[in-house]
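In what follows, residues are counted from 1 in the order of the sequence shown.
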Amino acid sequence: QYQRRVRVQRLPSPRNDFVSFGLLSRLSVRKLLKDAPSLVGKRVELCGRITKRRAQRQRSFVALSDGSSPSSLQCVLERELLPERAVRSARVDTAVRVGGTLVESGGAQQAFELHVDTLHTHSDIAEEPHPLITASGRQPAAEVTRRDAHLRTRLARFGARARVRSRAVRVATRDYLEDELGFVGVHAPLLTANDCEGGGEQFGVRATDAEPGEQFFDGTSEPRLSVSGQLEAEALASALSRVYVCAPCFRAERSTGTRHLAEFWMLEPEMVECSLDDAVTVAETLVRRVATDALANAPDDLVAAAADNAEWPAQLQQLLGAADTPWPQLTYAEALAASGKSAGGELDRADEEALTARYGPLFVRNWPIETRPFYARVSDDGRTAECFDLYVPRVGELVGGSVREERLDVLEQTLNERGMGRESLEWYVDLRRFGSVPHAGFGIGVDRLVQWLCNARSIRDVIAAPRHYKGKLTF
């Protein structure tokens with residue numbers, strides 16, 4: 001009886017008039033340029049933005065880009081084929097939808113061009129000068145692009161950096177860590193009561209409508225934004241064996257340098273039954289894999305990201321060195337001696353630059369225990385930690401890692417000696433109290449990795465919305 005009462009409704013037939021401009025069927029500029037020889041003489045349709053424009057009496061030439069490629073497609077707008085208003089409205093940075101026939105180009109700058117017969121502009125560009133883009137395509141200064149960061153990804157070099165970043169994260173996490181090594185991607189909390197690095201440079205958090213003295217969370221610890229997902233990753237690795245966190249981190253570091261951000265992204269693998277040598281090998285392989293993939297599959301993006309420096313891919317390849325030759329490793333004491341400093345000295349930025357200029361990418365291992373966070377395992381000599389930093393030319397420190405202290409008594413002694421409160425870290429001590437296991441891990445700065453791959457002068461120019469000391473929060 002129930003079935004007889006149910007009214008069967010026929011679904012409407014899918015519409016076919018959206019096929020040519022449908023998201024899933026629409027050609028990208030990258031795909032069109034790749035398949036151009038087989039598309040010559042055929043009618044194609046694309047969407048994108050006009051990045052350059054050159055007008056003549058009978059026709060206009062515009063460069064169309066949709067962010068899929070560092071290259072643009074030249075489109076020829078014949079005035080006799082298109083409404084005058086449509087041609088006039090096709091100004092630089094206008095979002096357009098075009099259709100036409102792809103032909104071989106007679107120009108020296110491109111092999112193919114689109115002869116447009118339909119042109120639709122989505123909106124008119126404001127009459128005042130564009131903040132970043134000019135008709136000639138001249139690139140604005142870095143300070144100008146940071147002021148208008150909400151628009152700068154439309155510029156070729158920033159679009160290329162976004163694509164390099166996307167590819168780097170995918171290759172590092174999915175291709176290498178997950179598919180090859182069997183890691184599990186996990187999420188760590190951003191709200192925490194812990195100071196993972198022990199430096200105290202954290203942002204506090206409170207509810208905007210909090211009453212005086214109101215405690216939002218249970219407990220007495222002040223909520224903060226996390227500087228690292230490592231501690232939580234250790235807990236999950238104790239059950240899942242190999243995990244990684246890729247997430248934003250926050251540090252209230254009052255620095256205006258080219259390598260520091262207040263909000264930055266970290267990729268942090270954690271591995272059980274992992275030695276220091278194992279961790280170094282995984283870190284080097286990961287960085288090499290990301291860089292060699294970019295060189296093999298996105299060399300044009302690397303050139304565009306390096307501000308059209310055509311020599312940069314070859315220079316990056318040279319920095320990587322031979323694939324079968326591991327990067328050099330020095331102990332901290334050896335690095336000091338190589339820098340002309342005596343025992344007890346400290347390595348500074350100038351030393352980093354000198355060492356990487358001499359050795360290329362370089363691991364510095366076994367730092368004095370007092371220079372490392374509380375979680376680093378104390379070496380058998382009692383003076384150094386089982387740890388490493390990876391330095392690369394032009395950027396400096398790229399990776400920092402260590403074997404984690406798995407011995408309950410040693411960890412408790414370290415916490416007591418450093419005067420660290422136990423309330424917010426008792427759960428971390430529990431990991432050693434209940435079934436401890438030797439483990440190690442490292443953190444790689446995603447933004448610094450992209451800065452290195454793109455040969456960018458400042459880390460602020462490789463992230464969509466840079467957050468830094470004295471910087472703006474409006475975008």
For R254, check salt bridge (charged side-chain N to carboxylate O under 4.0 Å, His left out) against everything at least two apart and list the hits. none
I'd like to check the salt bridge (charged side-chain N to carboxylate O under 4.0 Å, His left out) partners of R224; sequence neighbours left out, ordered by chain and number. none
Of the options E234, E273, E270, R404, which is the one that meets H439 in a side chain to side chain donor-acceptor pair (under 3.5 Å)? E234
Do the side chain of [X] and the main chain of [Y] share a donor and acceptor less than 3.5 angstrom apart?
X    : Y    : answer
T51  : S65  : no
D389 : V364 : no
R242 : L181 : yes
D351 : D348 : yes
K341 : L347 : no
T292 : R288 : yes
W452 : R394 : no

If you measure only the distance, is there a donor-acceptor pair under 3.5 Å linking the side chains of E386 and S402? no
Any side-chain donor near an acceptor of the partner, D278 and S275, under 3.5 Å: yes
For residues 32-41, which residue pairs pass the side chain to side chain donor-acceptor pair (under 3.5 Å) check, not counting sequence neighbours? K31-D35
Which pairs pass side chain to side chain donor-acceptor pair (under 3.5 Å) with one or both residues in residues 316-330, sequence neighbours excluded? Q329-R365
Listed partners of [X] passing ring-ring contact (aromatic ring centres under 6.0 Å, His included), at least two apart:
X    : result
F363 : F388
Y359 : none
H150 : none
F374 : Y428

Strictly below 4.0 Å, N to O, side chains only: are [X] and [Y] in salt-bridge contact?
X    : Y    : result
E180 : R289 : yes
R460 : E143 : no
D301 : R161 : no
R154 : D93  : yes

Among all residues two or more places apart in sequence or in another chain, which pass the side-chain hydrogen bond (donor to acceptor under 3.5 Å, both in side chains) test with [X]?
X    : value
R59  : E78
R174 : none
E232 : none

Within a 6.0 Å radius of atom [atom1] on [X], are there more than 12 heavy atoms belonging to other residues, nucleotides or ligands?
X    : atom1 : answer
E353 : CD    : yes
Q109 : CD    : no
R43  : CZ    : yes
H120 : NE2   : yes
R206 : CZ    : no

Candidate pair L225 and V205, rule side chain to side chain contact (heavy atoms under 4.5 Å, CB included), full reasoning: CA-CA 7 Å; L225 290 177; V205 178; 3.7 Å; yes
Residue pairs involving residues 456-475 (criterion ring pair (Phe, Tyr, Trp, His ring centres under 6.0 Å); sequence neighbours excluded): none
Taking all atoms of both residues into account, what is the closest heavy-atom pair of L319 and P393, and its distance? CD2-CG, 3.7 Å
Set out, in order, the CA-CA distance, both residues' side-chain angles and the distance that settles side chain to side chain contact (heavy atoms under 4.5 Å, CB included) for T285 and V282, then state yes or no. CA-CA 5 Å; T285 305; V282 173; 5.9 Å; no
